[in-house]
Amino acid sequence: MLDLYHHRREGWLFSPSTPSYKNVLPDQGAGGHCWRREPETVALCLVALRALPEAACPLPPPGQLQPPAPRELALGYVVERKRMADLCSSIIDGRFREQKFRLHQCGLQHPIYLVEDSGTIQHLSLPESTLQQAVINTQVVDGFFVKRTRDVRESAAYLTVMTRHLDRLFGVSSRERSWGEPRESGTETLPPPISVIPPQAQTVREVFARQLMQVSGVSGDKAAAILERYSTPASLLAAYAACLSPQDKEMLLSNTKCGKLQRNLGPTLSKTLAQLYCTPGPLP
Amino acid sequence: MDCSCAIESQAVPCSISWKRQVGPSQVDDDSWVEEPNVLVLLRLEDFVSMEVQGTADCSEETLRSFAARVMEKTAGRTLALVVVGLEKYFRLEFLSHKLQSRKKLQSVVLSGSQAGGQGKPRKRKGKEAPISELSRVEVEEALVDLQLHAGVQVRVLESWKELGDLASSFTKAVAEAPFKREREKKGFSFYLESEWCRGAKVDRSGKGLAQVWKRQIQQFNRVSLEMAGAVVSKYPSPLLLAQAYRKGSSEQERQNMLADIPVRRGDGVTATTRRIGSELSRRIYLQMTSPNPDLSLDANG
DNA sequence: GAATGTGTGTCTATAAT
DNA sequence: GTTTAT
DNA sequence: ATAATAGACACACATT
């Protein structure tokens, strides 16, 4: 599955090698802006792009396997179009939070949530108040710009107007300007070039946390609490090895303070984890 | 619930803002902190007026200047605007064109839904196309302009009940925001990562731990089901693997201890060797033995 | 967290004078 | 050391 | 000889 997130993880986000997808709006020609449809977001996800001038686009070093420099510049405006029905399903199966997270994580400065079918809020598998709250949360908690739209036609109109304004804001006149420098008539700044964001490397701590959470009952807070004391598998194993009796192993983590203010992990999970890390032979 | 509501004179008229009692302990201490959100109700007549001013380039107040003024007073807080009754305005204005009794109807809607509404004649340049359509486009223009230049969101409502609901929802969101933000900052990001399976159930005696152990191996990047199975098959418990590492003599030996474990592959011919490989072997070794929690497993060196 | 409901387990106080 | 009642 | 129990209360997990 290729989507924004995976593109980012593979380090190819916004690189010219990213396959081109059908533009929802026609290209404005050289120097104009377009909304590129990113693949795989079932609900439409658009990224404002502009072709980079040749001069600002050095050729990649020959014979390198590294991703070439971007030939396009992401303007930092990204629109996630979401119909009410889709939003509804996304909330139910948990995809909603994930999508918001990725949108915030993809690094663009102006994420926009385009909520379509604002009038068709009823007769869905979720109460109206619930959906309203979800949209408000998207705006207030996640800090996204939320645009409500009655239907596809309004959405298209919105994107059209948006494109026109972007053209006026980041037009050819500001092409030679250096990135980040304020424009003449306003506080607008050109977004910094977003080229290649390297995939985030896994650390021992992170993997250890994920491993702890493989046992039912161990959640983020619990894992974090354990990590607080034994931040690495080696240190935990060493602590178990230092125990004199099997009982001590079982109770080693029992009094680990978790979450809010210092709630015990408890003997149950402590015993399970001790079994996991202290069983000499094959596990049951 | 330990919250209260008060109607007081605000720096910005018709605005809602939120304060939270922070500070650890002091009772008397009115160390209230303003939440970084402001909700401002914009009277329909004012909104229309500003939108008109923006269309014609008068020097009077525009939506943008209004927003700038408000944001100046609220010192960098996130501003959200609310307008009530715009759709009804469109409808009546359209109707008034057909019936040629425009001013009267306008005055009806404005005084009926707003306090002290006054008619506002509009001058338009050029076309005679449906005026309500043009107005909608112009409003859209103004909203986008506001979005791009001020980052201000405008919520258009049609009834005062909706405004009440919005205030309620907004209040709830603002109240919960700090709590949720803290969880995002501290908690692990992979909680919501794409495909996250929650913990495997394990009964009191320890059945299911084998599955846990296998899934622990799968927590590494780029590890397939078959690879994890192969490793777990060779070392059926974490302790056995750790002991094997302890027995190894050289760093190289320990690092490559798992490299040659055979792994079942797809039916077809595969160019790559059907082994765990030295890279994954090394990552697992580092994970199990390194004393440094911040060590990067993907770094080459 | 969307909202609400279900089950595990910890936690806190427990009598009578 | 294993069983009992509060 | 030793200690328990109910209930509130959270939290992890499962549903309309």
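This one's a predicted model, so the numbers in the text were calculated from it and none came from an experiment. Order of the sequence lines sets the chain letters (A, B, ...), proteins ahead of strands, with each chain counted from 1.
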(request) Anything under 30° is parallel, anything over 60° is perpendicular, the rest tilted; go ahead and classify A:Y277 against A:Y240. (result)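 Rings of A:Y277 and A:Y240: parallel, under 30°.
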(request) Classify the ring geometry between A:F144 and A:Y113 as parallel (under 30°), tilted (30 to 60°) or perpendicular (over 60°). (result)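 Correct class here is parallel.
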(request) Could you tell me whether a side-chain N or O of B:T171 sits under 3.5 Å from a main-chain N or O of B:A167, the two making a donor and an acceptor? (result)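 Yes, the answer is positive, given that a donor and an acceptor are paired below the 3.5 Å cut-off.
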(message) Checking the side chain of B:W213 only, and the main-chain atoms of B:Y235 only, is there a donor and an acceptor separated by less than 3.5 Å?
(response)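 Present.
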(request) Please determine if a side-chain N or O atom of A:T268 lies less than 4.0 Å away from the OP1 or OP2 oxygen of C:dT10. (result) yes
Which whole number of Å gives the distance between the [atom1] atom of [N] and that of [M]?
N: E:dA4; M: D:dT6; atom1: C1'; result: 7 Å
N: D:dA5; M: E:dT5; atom1: C1'; result: 13 Å
N: E:dT2; M: C:dA13; atom1: P; result: 25 Å
N: C:dA15; M: E:dA1; atom1: P; result: 28 Å

What is the distance from [atom1] of [X] to [atom2] of [N], rounded to the nearest Å?
X: B:K172; N: C:dT4; atom1: NZ; atom2: C1'; result: 11 Å
X: A:L269; N: C:dC11; atom1: CG; atom2: P; result: 12 Å
X: A:Q139; N: C:dA2; atom1: CD; atom2: P; result: 15 Å
X: A:L131; N: C:dT4; atom1: CG; atom2: P; result: 13 Å
X: A:M213; N: E:dC11; atom1: CE; atom2: P; result: 16 Å
X: A:I92; N: C:dT4; atom1: CD1; atom2: P; result: 15 Å
X: A:K222; N: E:dC11; atom1: NZ; atom2: C1'; result: 6 Å
X: A:E98; N: C:dA2; atom1: CD; atom2: C1'; result: 17 Å

(message) Just to verify, what does A:K257 make a side-chain contact (heavy atoms from CB on, under 4.5 Å) with, not counting sequence neighbours?
(response)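 Per chain and number, A:K257 pairs via side-chain contact (heavy atoms from CB on, under 4.5 Å) with A:N255, A:Q262, A:N264.
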Could you tell me whether [X] contacts a base, only the sugar-phosphate backbone, or nothing, with contacts defined as non-hydrogen atoms closer than 4.0 Å?
X: B:R204; value: sugar-phosphate
X: B:K201; value: nothing
X: A:S216; value: sugar-phosphate

(request) Name the pairing partner of D:dT4, where a pair is Watson-Crick or G-U wobble with both distances under 3.5 Å, or state none. (result)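 D:dT4 is unpaired by these criteria.
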(request) Report the C-alpha distance between A:R102 and A:E98 in whole Å, list the side-chain angles of each, state the deciding distance to 0.1 Å, and finish with yes or no for salt bridge (charged side-chain N to carboxylate O under 4.0 Å, His left out). (result) CA-CA 6 Å; A:R102 295 191 317 188; A:E98 173 201 341; 3.5 Å; yes
(message) Ignoring hydrogens and geometry beyond distance, is a side-chain donor-acceptor pair present between A:S155 and A:E116 at under 3.5 Å?
(response) yes
(message) Does either side chain, that of A:S245 or that of A:D248, offer a donor lying less than 3.5 Å from an acceptor on the other one?
(response) yes
(request) Go through E:dA14, C:dA2, C:dT10 for me and flag the one nearest to the B:R198 side chain. (result)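 Out of E:dA14, C:dA2, C:dT10, the nucleotide with an atom closest to B:R198's side chain is E:dA14.
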(message) Please determine whether a side-chain nitrogen of the Lys or Arg among A:D86 and A:R95 lies less than 4.0 Å from a carboxylate oxygen of the Asp or Glu.
(response)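 No salt bridge links A:D86 with A:R95.
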(request) Treat a base pair as Watson-Crick or G-U wobble with both distances under 3.5 Å, then lay out DNA chain E in dot-bracket form, 5' to 3', with | for cross-strand pairs. (result) ...|||.||||.|.|.
(request) Side-chain contact test, heavy atoms from C-beta onward, threshold under 4.5 Å: evaluate it for A:K147 versus A:V79 and give yes or no. (result) no
(request) Identify, residue by residue, the members of residues 256-267 of chain A with a heavy atom below 4.0 Å from DNA chain C, and return them in order of residue number, or none. (result) A:R263, A:N264, A:G266, A:P267
